[in-house]
Structures are given as structure tokens and as C-alpha cells.
There are 2 protein chains.
Amino acid sequence: MLASVASRPTFKRLPRAVREQQMLDAAVRVFSRRGFHEASMDEIADEAGISKPMVYAYLGSKDDLFRACVNREGTRLLESIVSVVGDDLPADEQLWRGLRGFFAFVGAHRDGWAVLYRQAKSRQPFADDLAALRTRIVAVVAGMLGRAVQAARTSAHEQDLTASAYALVGAAESIADWLADHPEADPDHSAARLMNFSWLGARQLLQGELWQPSSA
Amino acid sequence: MLASVASRPTFKRLPRAVREQQMLDAAVRVFSRRGFHEASMDEIADEAGISKPMVYAYLGSKDDLFRACVNREGTRLLESIVSVVGDDLPADEQLWRGLRGFFAFVGAHRDGWAVLYRQAKSRQPFADDLAALRTRIVAVVAGMLGRAVQAARTSAHEQDLTASAYALVGAAESIADWLADHPEADPDHSAARLMNFSWLGARQLLQGELWQPSSA
DNA sequence: GAGCATATCTACTCCTGCGTAAGGTTACTG
DNA sequence: CAGTAACCTTACGCAGGAGTAGATATGCTC
């Protein structure tokens, strides 16, 4: 009704794969700063420099879109941990590498972390997706601890290993949360602090003991 | 327009203070199972056995109501920790008591915990309230560690103490989260597992060492 | 047992934002 | 350079739910 007079330079056409990634990037940013509900599809479309029906055409409903974000960021997160943790290294070295990988991810993808950690937990349909991811991480950690126990020829109950894994993951999330709000902070520093806490325990720390990475 | 024919037994009048508590109880339950946005004011009013305008008259808007829930549950949580942690006890005894108090609260107020932990984190306006509460808890924990360090005549950087406090609080939240989903689990058991992890550290645990409470 | 403050209800209005129908625009292909 | 398939848009339908207006019931006080 209005145009076709000026025939505006209008828009650029891009292949589907590219646009989908742009949309996901935009969605992660918006979900991160607004929260799931407060984020509107209009704002996401706007942030992606595209109109709303495109989002629906490519990624489906708002729920679908959010789930796609969680899956993409979750996969990246998990990948950044498991890719650096070797199978046959000493327990403390594995722990150290895992923590570094984790905090490096959070430092580099603060938006993604916010979506995963702060948003997905509250919405029931996605809580399941997140729980699944968390369970996989906890399983990785518990498996690591289990192998270390075997290597030390001591024994431990399955439940205790799992509890320790939960504690470790929770501690990491907590510090990551702090990190996400302090852009000036160094991820490796956070990793070292958590390493000290979780490996040595409060008792040793109070006695002034410190853990040192073997490789600089 | 419709009634005044049958003059139904209709409703019971209750003093404001009582109704307010009923409403808060209902709101916590509904927010807990639905999440902030999915919870409707109609459902909350219904759960409280009252009609919607009453909620607005007494507690204000939906935001106000949610904030009231967070404040009430947060105050209770903090109280259940600080009330059992003496000032002049050994560090491990303080830690043990604090953890027991915390997990006892979560075990007894799972709904309240869900509101605090899973919901408040995601909504921007309330994230501040929750952050304030968390900061107070972290400060309590850090203060405890600080006194313990002094008692041990060792030294530690302020930042390291705070990081340890964050890690401890995060680990506790993580296990509490698990506890909230396992009604059959014993809160004291969870407290003991976390005590082992945080006090001894992973290294000691892997060597088969265990921490024992001095009092049964 | 009449008056009055307070507690309570029913029945709306209106806004926000998800999801879609119907139709232009671009660029590739023969 | 016409035909066509994939991109992309504007403009709307519609539902859910926050918040409110106005009327009614209750029980305390004298």
C-alpha cells in the first residue's frame, strides 16, 4: 500500500544456513539480556536484522527457538570441556584442564552461559533439556573421580562420587556466574581458585596450603 | 445480577494479616510449580481460596507479590543458617552446623527453595533481590573462613576467601537442587556429603579419608 | 439492631505478543 | 530475458492474562 513507488534498496538475500546462524546468535543475545519470557520474537527478529515470519519459517515457534539455543550452546560448552580432558592423565591434571576449559567457555560466551544457566532452569519444558546436559557433565566428572579412586586403590560409594560431582559442578556454576558479571576478570584465575578449593578442601586452604599446576 | 436469591453461605471474613500469609503461601506454591510467568494471578487467587482483587488490594502487583515471596523465603533461609552457627566454635563445627541448617531448610521448604533458586535468578528485576541475599550469605561464609584463617595464624587474600565462599555456596545450591527433586532423601546426608567434599577436598576423598562430626 | 468500616466478589477493559495469511522481491536457470 | 523457486515483507487475527470498576456481604460497636 505504501511503497513500490521508490523501490527501496530493500534487503539482501542470504542462504538459509547463514540466516539460521544469525538468528540463533541474535536469539541468544536477546534471551540472555531479557530472559525467556520478556524476550519477544519481534525483538529477536529485529536484532537479527530480519522480519518475524522468517524466524518462524526457519526455526519454528518460540519454544523451538529457545530449545535450539540451549542445544547449540550446551553442545559447545560440553565440547569445550571434554575436548581438553585426556583419558589417562592424573586426576588433578584432568580436573585442572576441565576447569580451565569450562571457565574459558564462559568467559568467551557469556550470553550463552546466561541462557543455559539463568534461563533454562526456570522454564519447565527446557528444564529437562538442561537437566540432561547437566547430568552428562556430572557423569563425566563422576567418571573421572571413579577412575581416580580405582587408581588410588581406595574405595568409594557410588552415591558419594555423584554427590561430589554435583558439588563440583555447582561450585563451578556459582563462580562462573560471578565471572559472567565481571568481564574484566581472568577465567584462568577463577579456574585456579576453584581448583584450590575443590582439590585441597577448606581445611588445607585454611592451613595456607596451595595447589600448583605442574605445567605453567 | 444473578444471586441474592439463594444468599449462599458465601465467604468467611478473616483479618488482613492472616489472609496475607495465606496468599503468600499459595503464591509460593504456584510460583514454584509454574515459574514466574506461567503462574497466573487467577491461579494464585484460586489456590489461596480467594478472588483476584483481594490479592491486588493486599499485596499489590504481580511483581510486588513475587518480591514479597522472595523476601519472606529468603529471610527464613538466612535465619535458619545464622541461628545455628555460633560465633566462637571451631571452623569445621561452624561449617557443619551451617550446612545442616541450610539443607534442613531446603528439605522442609522445597517450594520456597524453588522460588528462590530457580525462578528469581532469571527475572531481571528480582535477580537483584536474590543477588543481595546471596551476597549476604557469601559474606557470612567468607567471614567465617576469615576468622578461621586468623585463628590458624595463616593468611589468605580477601579475593581467595570470597572465591571459596562462592564455591561453597554454589556447591550447596547444586546439591540442594538435587535434594529438592528427591523428597525421599535425607537432608543431613546431603549435608555430610558436602561437608566431606568442601572440608577435605577431592584429594583427601580420593585417598579414602572421611570427616566425622564430633557430636553424633 | 442501626451504622459503618472493612473484607470480598463478579464482571469487565485493554494491552501485549505469539503466530499467520497473502502477497512482493531477488537471483538463478535455460 | 521469461519463468520459477526461494527469500522476505507488511499487516493482521486472536488468546491469555494483568489489573480495575462497581456492587455486595459481614461483623464489630454502641
Side-chain angles (χ1 to χ4, degrees), chain A residues 1-24 26-27 30-31 33-69 119 123-126, chain B residues 1-24 26-27 30-31 33-69 119 123-126:
Chain A
M1 192 190 265
L2 59 107
S4 76
V5 174
S7 130
R8 305 230 287 307
T10 56
F11 50 78
K12 260 240 195 74
R13 288 176 66 152
L14 289 175
R16 174 166 185 152
V18 175
R19 270 279 135 84
E20 278 183 349
Q21 290 307 310
Q22 289 181 349
M23 289 177 190
L24 284 177
V30 175
F31 281 135
R33 69 166 170 264
R34 297 263 188 248
F36 175 81
H37 179 251
E38 281 65 26
S40 75
M41 295 298 270
D42 289 279
E43 181 174 1
I44 291 171
D46 194 59
E47 175 98 12
I50 217 75
S51 72
K52 198 167 47 160
M54 286 307 304
V55 183
Y56 282 89
Y58 282 174
L59 278 325
S61 71
K62 187 178 183 181
D63 279 29
D64 293 337
L65 174 60
F66 188 74
R67 189 168 285 119
C69 290
Q119 307 306 327
R123 282 271 303 184
Q124 193 47 41
F126 316 125
Chain B
M1 192 191 265
L2 61 107
S4 76
V5 174
S7 125
R8 303 231 286 306
T10 55
F11 50 80
K12 260 241 196 74
R13 286 176 71 148
L14 288 176
R16 175 166 184 154
V18 175
R19 269 281 134 82
E20 277 184 348
Q21 290 307 311
Q22 289 181 351
M23 288 177 191
L24 285 177
V30 175
F31 280 135
R33 70 166 168 264
R34 297 265 187 245
F36 176 82
H37 179 250
E38 281 65 26
S40 76
M41 293 299 267
D42 289 279
E43 181 174 1
I44 291 172
D46 196 59
E47 175 99 12
I50 218 73
S51 74
K52 196 167 47 160
M54 286 306 305
V55 182
Y56 282 89
Y58 283 174
L59 278 325
S61 71
K62 189 179 183 181
D63 279 28
D64 292 337
L65 175 60
F66 187 75
R67 189 167 285 120
C69 290
Q119 307 305 328
R123 282 271 302 183
Q124 192 49 39
F126 315 125

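All chains are named by letter (A, B, ...) in the order of the sequence lines, taking the proteins before the strands, and each is independently numbered beginning at 1. Just the heavy atoms: all of them, side chains too, but no hydrogens, waters or symmetry mates, feed the values below.
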Nearest whole angstrom, please: distance from the [atom2] of [N] to the [atom1] of [X].
X	N	atom1	atom2	answer
Leu59(B)	dA7(C)	CG	C1'	15 Å
His37(A)	dG16(D)	NE2	P	13 Å
Glu20(A)	dA6(D)	CD	P	15 Å
Phe31(A)	dG17(C)	CZ	P	13 Å
Lys62(A)	dC18(C)	NZ	P	4 Å
Asp42(B)	dA15(D)	CG	C1'	14 Å
Tyr58(B)	dC9(C)	OH	C1'	13 Å
Glu43(B)	dA18(D)	CD	C1'	15 Å

What protein N or O atoms touch nucleotides 28-30 of chain D N or O atoms at under 3.5 angstrom, if any, and at what distances?
none

### Message
Below 4.0 angstrom, which residues in residues 44-55 of chain B have at least one non-hydrogen atom near DNA chain D?
### Response
Lys52(B), Pro53(B)
### Query
By side-chain hydrogen bond (donor to acceptor under 3.5 Å, both in side chains), which residues pair with Ser40(A), not counting sequence neighbours?
none
### Contacts of type side chain to side chain contact (heavy atoms under 4.5 Å, CB included), residue Tyr58(A), not counting sequence neighbours
Arg16(A), Arg19(A), Glu20(A), Met23(A), Met54(A)
Quick one: side chains of residues 42-51 of chain B, donor-acceptor pairs under 3.5 Å with protein atoms, not counting sequence neighbours, listed by atom name and distance.
from, atom 1, to, atom 2, distance (Å)
Glu43(B), OE1, Arg34(B), NE, 2.9
Glu43(B), OE2, Arg33(B), NH2, 3.4
Glu43(B), OE2, Arg34(B), NE, 3.2
Glu43(B), OE2, Arg34(B), NH2, 3.2
Glu47(B), OE1, Arg33(B), NH2, 2.6
Glu47(B), OE2, Arg29(B), NE, 2.7
Glu47(B), OE2, Arg29(B), NH2, 3.4

### Message
Is any side-chain heavy atom of Asp64(A) closer than 4.5 Å to one of Leu59(A)?
### Response
no
#### Entry: Side-chain N or O of Arg19(A) closer than 4.0 Å to phosphate OP1/OP2 of dA6(D)
no
### Query
Aromatic rings Phe36(B) and Phe31(B): how do their planes relate, parallel, tilted or perpendicular, breaks at 30° and 60°?
parallel
